[in-house]
Amino acid sequence: MKAKILFIEDDKIDQKAFKRLVENQQLPYEYVMVESVENAKKHLKTDNFDIVLMDYMLTDGTAFDIFDSLVETPFVMLTGSGDEEVAVKAMKSGALDYLIKDPERNYLKVLPVVIENALKHHKDEKMFQMLSHAVMDIKDSIYFTDIEDTIIYVNDAFCRTYGYREEEIVGKNASILWNKDTENEYRLSIFPKALRGGLKGEFLHRKQDGSMFPVLLSRALIKDERKNDIALAGIVRDITERKMIEQQFQSLAHYDSLTSLPNRAHMIERLSQSLVQARWNNYTLALLFIDLDNFKKINDTLGHEAGDNMLKEVALRLIECVRDSDTVARVGGDEFMIILPRITRAQDAAIIAQRIIDSLISPFNLDRQECSIGASIGISQFPVDGDDYETLVKNADIAMYKAKDIGKNNYQFYNPAMNIAAFEHLVLENKLRKAVEKNEFLLHYQPQIDLKTNKIVGVEALIRWKDPDSEELIYPGQFIPLAEETGLIMSIGEWLLQTACKQNKAWQDAGYSPMNMAINMSGRQFKQQKIVKMISDELGKTGLNPKYLELELNESILLQTEVTSRILEGFADLGIKLSIDDFGTGYSSLSYLKKLPIDKLKIDQSFIRGISKNASDREIIKAIITMSHSLNIKVIAEGVEYESQLKFLRELGCDMAQGYLFCYPVPAEKLSESLSKEQPAIFVPQAN
Ligand code: C2E
Ligand code: MG
Ligand code: MG
């Protein structure tokens, strides 16, 4: 493209010389030549020029008279020699360059270069203006930093978005745009990356008020002509809105729009995660598949809106049936799934299933009509019914169909044995609760005999539960584990302690020789916060001297922490005796026997049973007795049934014995008959 030039010159020779120059050198100029100020103004008014070349002295004035009409057209001043002052003035007024016209007209030689430079300069300037307008007006925030990352420029959008005034932010390090948590990462890894050649990515930026917002940040390295790094540009797009839309999409993809519950895909995701946890921690996980019974009928008779309302209400009720850590999902029209990521026993799943059925029975108020709905629930469990989510879902589904087949509105485990166990467990648990409320327990006492004196030196209290329906005695093996599991052992334990202490005191008050009352303590009771105080209060109430109370502890209790030893010291300080029950079956360790204030070991009955047949049992008994005596701990043998066993124990120097050979556990009244007031006697084995 040709440059359009206005050449203002009144000297004919100069005019001609210019013409010749353009023609000879075939310069790409299209020019208009005028001699006067007046003509120049006329042309400038009607025409656009890329550049104006003007002589200073004109026929009707000077070049300065034209300045006002130039507007933004760039110009180069031509002056006669000796007019340097004029040239300086012209430059101050905005001339891009000036040329001194020499008499030999050598200036024409450089004129094309001057014009070219002026045009380029003008173009750059225009471009710069355009760019800086763009940068100023653009919606994105733009900032420049030097290569130390000190901010040297920010645009208006930056100030608006970040909430800084220009003077507040210019001069600060750009790490101010990151928060405390990410600042280090920015300095150590993100900024160096930008320095190595630019960067583009999504980050969180910090505003002046401390709030964070998501941005798409590009940083570009700016180099000078010699390829030296001189600055970094930063272009920031606020993507808050985009992120919000993304989130909405996410939620559409993961949640059911009607009930806001996780949908099937999301449920599978959570199930997979929970399985990883369960596998790692050895947890049992349960999956409930819930299908509403006859939901179609609701839809058909009351309409879809009523159906939708019911589903929403069902979702709320399901949530109320579980804990926050459980997941309730809607996986189909009227199908829901619940993940119980951690259950302690299979019955927990049964309890929740029953709770769901019960909660759906209470009527729903739909369209001013009351109606209720049943649910068929299938339960599968990890790890017994499957190791991966597909199998668990499939098996919960199969179990759900079983529930439908059986007659709807019930739950079924995938594993049939669980159905029976769960039912029995539930029945037993309810019965046990009632037994605690109604106090259906009683204690039997079994004497402990000193093998040197043959006297009764103590009794062990053993609990029994009298079933009011059958009048039969239920033995502790059948209900103590459940009582421990449910925590009912706490109230049972308290009652037992009270009863046993009272009984022992009563015997003493009636004039019998004092003896030990041994009671069994379960691990769970031991975890009670104020167990020492509770027992000491009870002793205070009954007036029994603590030295006549003996606590039988399980070996596993002793393996525990410092707390255990503090509690044991507490008992010992009160004067209460401590014995270790079923010794030899657990984690027998000498070290705790040395450290803890133990008075007595009870050799487990399994070793006593083995005396006649099993040499290793005999060896173990011998070792236990020798070891205990060296530690000043007494030994009692439990489960002694035969004379031969007693003889063996006596020979080894065992201190005491307890077992059917002497007496079965019997009610207090029965024991009283046989106790001697002067001297407790040996019991004759009773025919039972
Ligand atoms: P344990 O403390 O080892 O009690 C001894 C068990 O052996 C008692 O069974 C007793 O009746 C039985 N036994 C006594 N002599 C003989 C014998 O010569 N031969 C045989 N084969 N067995 C004999 P029981 O009463 O059924 O108690 C079972 C377990 O239940 C007890 O074992 C104890 O661990 C627990 N238990 C009993 N009462 C309580 C209690 O009040 N609280 C707690 N936490 N546990 C209790
Ligand atoms: Mg015992
Ligand atoms: Mg025992």
Side-chain angles (χ1 to χ4, degrees), residues 432 435-436 439-449 456 458-466 472-504 516-528 531 535 538 549-557 577-586 599-612 635-646 649 656-668 670-671 683-688:
L432 190 60
V436 173
N439 198 6
E440 294 167 0
F441 301 102
L442 48 98
L443 288 182
H444 282 180
Y445 301 91
Q446 188 179 34
Q448 301 177 328
I449 316 297
I456 295 177
V459 290
E460 177 177 6
L462 293 159
I463 194 165
R464 276 86 184 93
W465 168 15
K466 191 165 186 175
E472 267 175 30
L473 285 188
I474 303 172
Y475 286 84
Q478 280 171 275
F479 64 88
I480 290 288
L482 183 61
E484 289 214 0
E485 224 177 87
T486 49
L488 287 168
I489 193 74
M490 303 299 187
S491 2
I492 296 176
E494 232 177 292
W495 167 84
L496 184 137
L497 181 76
Q498 232 170 55
T499 314
C501 291
K502 236 193 251 167
Q503 180 60 57
N504 204 15
N516 269 343
M517 173 61 72
I519 67 169
N520 295 283
M521 289 272 290
S522 84
R524 177 117 185 212
Q525 279 174 287
F526 210 72
K527 284 193 186 124
Q528 252 170 303
I531 181 80
I535 291 184
E538 210 50 63
L549 179 64
E550 181 175 307
L551 303 177
E552 291 193 5
L553 312 171
N554 198 286
E555 275 175 305
S556 60
I557 296 177
K577 297 211 176 73
L578 300 170
S579 75
I580 299 182
D581 206 351
D582 307 335
F583 187 80
T585 55
D599 300 284
K600 202 193 267 180
L601 294 188
K602 293 188 86 173
I603 307 176
D604 189 64
Q605 9 182 315
S606 59
F607 301 109
I608 310 298
R609 224 175 292 134
I611 289 177
S612 57
V635 184
I636 178 167
E638 66 178 344
V640 180
E641 294 182 359
Y642 302 102
E643 281 292 348
S644 55
Q645 295 167 340
L646 183 61
L649 293 162
M656 282 161 268
Q658 171 184 352
Y660 297 163
L661 176 64
F662 309 103
C663 182
Y664 285 92
V666 289
K670 189 130 189 219
L671 194 59
F683 273 80
V684 182
Q686 297 163 355
N688 202 14

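Both ligands and their constituent atoms are indexed starting at 1 by order of listing.
Residue-level check: among N/O/S atoms of Glu552, OE1 sits closest to the Mg ion (ligand 2). Glu460 contributes atom OE2 as its closest N/O/S atom to the Mg ion (ligand 2).
Of the N or O atoms in Tyr475, none lie within a sub-3.5 Å distance of an N or O in ligand 1. Considering both main-chain and side-chain atoms, Gln658 never comes within under 3.5 Å of ligand 1 through any nitrogen or oxygen pair. Polar contact with ligand 1: absent for Ile489 (N/O pair, distance under 3.5 Å).
Counting heavy atoms closer than 4.0 Å to ligand 1, residue Ile519 contributes nothing at all. Residue His444 does not touch ligand 1, judged by heavy-atom distances below 4.0 Å. At a 4.0 Å heavy-atom cut-off, ligand 1 does not touch Lys602 at all. With a heavy-atom cut-off of 4.0 Å, Leu462 touches ligand 1 through backbone and side chain alike. Contacts of Asn520 with ligand 1, taken as heavy-atom pairs under 4.0 Å, involve both backbone and side chain.
For ligand 1, the atoms closer than 4.0 angstrom to any heavy atom of Glu552 are 2 (O). Close approach of ligand 1 to Val640 (heavy-atom distance below 4.0 Å) involves ligand atoms 18 (O). Within the listing of ligand 1, atoms 11 (O) sit less than 4.0 angstrom from a heavy atom of Pro665. Atoms of ligand 1 lying under 4.0 Å from at least one heavy atom of Leu496, given by number and element, are 40 (C), 41 (O). With ligand atoms numbered from 1 in the order given, ligand 1 contributes 5 (C), 6 (C), 7 (O), 12 (C), 13 (N), 20 (C), 21 (N), 22 (N), 23 (C) to contacts under 4.0 Å with heavy atoms of Gln605.
When distances to the Mg ion (ligand 2) are checked against a cut-off of 2.8 Å, Asp581 contributes an N, O or S atom below that limit.
Between Ile531 and Gln525, the shortest heavy-atom distance links the atoms CD1-O, 3.6 Å. What you find for Ser579 and Glu550 is that their closest heavy atoms are OG-OE2, 3.3 Å.
In this structure the side chain of Lys670 never reaches within 4.5 angstrom of the side chain of Tyr445, judged on heavy atoms. Val640 is not listed as a side-chain neighbour of Ile449, based on a closest heavy-atom distance of 4.5 Å or more. Taking the side chain as every heavy atom from C-beta outward, Leu646 and Phe662 approach each other to under 4.5 Å. Within the 4.5 Å cutoff, the side chain of Lys602 has no heavy atoms near those of the Ile580 side chain. Using a 4.5 Å cut-off on side-chain heavy atoms (C-beta onward), His444 and Leu442 make contact.
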**OP:** Assess whether side chain to side chain contact (heavy atoms under 4.5 Å, CB included) is satisfied between Asn516 and Lys577, documenting all intermediate values.
**Re:** CA-CA 9 Å; Asn516 269 343; Lys577 297 211 176 73; 3.7 Å; yes

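Selection from Ala500, Pro481, Ser522, Pro476 by nearest heavy atom to atom 24 (P) of ligand 1 gives Pro476. The heavy atom nearest to atom 25 (O) of ligand 1, considering only Glu641, Gln446, Arg464, is found in Arg464.
Note on ligand 1: Gly477 sits outside its first shell, no heavy atom being nearer than 4.0 Å.
For CD of Gln498, the number of neighbouring non-hydrogen atoms (other residues, nucleotides, ligands) closer than 6.0 Å is greater than 12.
The closest side-chain donor-acceptor pair between Glu460 and Gln446, if any, does not fall under 3.5 angstrom.
Ring-plane geometry between Trp465 and Phe441 is classed as tilted, the angle between the planes lying from 30 to 60 degrees on a 0 to 90 degree scale.
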